[in-house]
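Take a look at the structure set out below.
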Amino acid sequence: MKILLLSGAFHLEKSLAEKFDIIKVEQKFFPDNEQYIRIPYKNDDEYLIVQSMFRNPDNKIIETIFAIRTLKDLGVKKIYGFFPYLAYTRQDKRYKEGEAISQLIVLEMLRNAGLEYLITLDAHFHQGIPQLEGLKIKNVICAPYFYKYLTSIIPRENFVVIGPDDDAYILALKLAEKLNLQVGYIEKLRKGEREVAALSININVKDKNVILIDDMISTGGTIIKAYELLKKEGANEVFVIATHGLFVEDALQKLKNLGIKNIMTTNSVPNEVAVFDVSEILIEELEWIKKL
Ligand code: R5P
């Protein structure tokens, strides 16, 4: 199997090149912003495409579709995708009449181009893993990987694990189980894309250290409100962990300005607080692929 790195995964090149034979896409943009890609193809029946769809998701999706379809044209029999950050998963159903269910549409486009197997990390599949004929999806929960890292840096006395909303409770639960800690979540109210309110916490956090875990940090609004509530309720130190650190605009700086010292993410999206390498996850998940 050959590994094809697309532009959103170039930051993983070093760690993946230690283990795999890697091919890198050639990409450029025409003056009108249309995209060109070329695959320096090496003959193989199986290809694994690695792509992370952050910051400019539309371009990354087009690039991925071009790559899948081109591999198909070149005669590749099985095409797998490892997309640590899969874009457009948040719109998972029609909340208002007439809305596009972008999660499903993007997956269908990838499947229609020729993708058969997809591995992603902590995707926003809150309605369950989408069931599409012809596309098998595996959503890896990263909490057990965080656990391995956390045990070496965080003492466990007097800690609790909290999800900043009820969707994140499952992540908090998985991590708490591993660390053998108490777990809870915050009742969150989303008022708009950038505005949330943290209403209450379902467990006592007074004088406790908190591991606050979420799938992604985008504007930082969710974590900011959660942190403020935790502090109001008397929490000691707060460790923030997220799978995807998108940190749009100055979100990371806002979190630091609040006084949050410990913020950790995976490198699904490259950023200055990425400490968990998703290449490690890919190496383990290849076992799943081998069994297919
Ligand atoms: C929401 O369901 C997600 O799990 C995250 O809590 C959310 O996307 C984070 O976004 P933001 O950082 O903009 O509050």
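Treat the numbers as computed from the prediction; the structure is a model and nothing was measured. Quick note: numbers below take in every heavy atom, side chains included, and nothing from hydrogens, waters or symmetry partners. Numbering of ligands and ligand atoms starts at 1, following listing order.
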*Between T222 and D214, do the side chains contain an N or O donor and an N or O acceptor separated by less than 3.5 Å?*
no
*Considering distance alone, does some N or O of M216 sit under 3.5 Å from an N or O of ligand 1?*
no
*Is there a side-chain contact between K208 and I203 (heavy atoms, below 4.5 Å)?*
no
*Could you tell me whether the side chain of H126 reaches within less than 4.5 Å of the side chain of D215, counting heavy atoms only?*
yes
*Check whether any N or O atom of H126, backbone or side chain, sits under 3.5 Å from an N or O atom of ligand 1, and answer yes or no.*
no
*So is D214 polar-close to ligand 1, meaning N/O to N/O under 3.5 Å?*
yes
*Just heavy atoms, cut-off under 4.0 Å: does V196 contact ligand 1 by side chain, backbone, both, or neither?*
neither
*What atoms in ligand 1 come closer than 4.0 Å to a heavy atom of I217?*
12 (O)
*May I ask you to list the atoms of ligand 1 that are less than 4.0 angstrom from any heavy atom of D167?*
2 (O)
*Any G220 heavy atom less than 4.0 Å from ligand 1*: yes
*Among all protein heavy atoms, pick the one closest to atom 3 (C) of ligand 1 and tell me residue, atom and distance.*
D215 OD1, 3.3 Å
*When you look for heavy atoms under 4.0 Å from ligand 1, do you find them on the side chain of T222, its backbone, both, or neither?*
both
*Nearest option to atom 2 (O) of ligand 1, as decided by whichever heavy atom of E195, H124, R90, K254 sits closest*: H124
*Among L246, T219, V248, T89, which one has a heavy atom closest to atom 13 (O) of ligand 1?*
T219
*Answer yes or no: are there more than 12 heavy-atom neighbours, outside K231 itself, under 6.0 Å from its atom NZ?*
yes
*Output, in order, the C-alpha distance, side-chain angles, deciding distance and verdict of ring pair (Phe, Tyr, Trp, His ring centres under 6.0 Å) for Y149 and F276.*
CA-CA 8 Å; Y149 181 85; F276 310 100; 4.8 Å; yes
_Please state which option from K188, E193, R190 has its nearest heavy atom closest to atom 10 (O) of ligand 1._
R190
*Would you say the side-chain atoms of Y41 and N43 include a donor-acceptor pair closer than 3.5 Å?*
yes
*Using a 4.0 Å heavy-atom cut-off, say whether H244 meets ligand 1 through its side chain, its backbone, both or neither.*
neither
*Quick one: does R190's side chain have a donor or acceptor within less than 3.5 Å of a partner on G192's backbone?*
yes
*Under 4.5 Å between any side-chain heavy atoms of L110 and F83, yes or no?*
yes
*Number the atoms of ligand 1 from 1 as they appear, then name those within less than 4.0 Å of a heavy atom of D165, with their elements.*
1 (C), 2 (O), 6 (O)
*Identify the two heavy atoms, one from L246 and one from M216, that lie closest to each other, and give their separation to 0.1 Å.*
CD1-SD, 3.9 Å
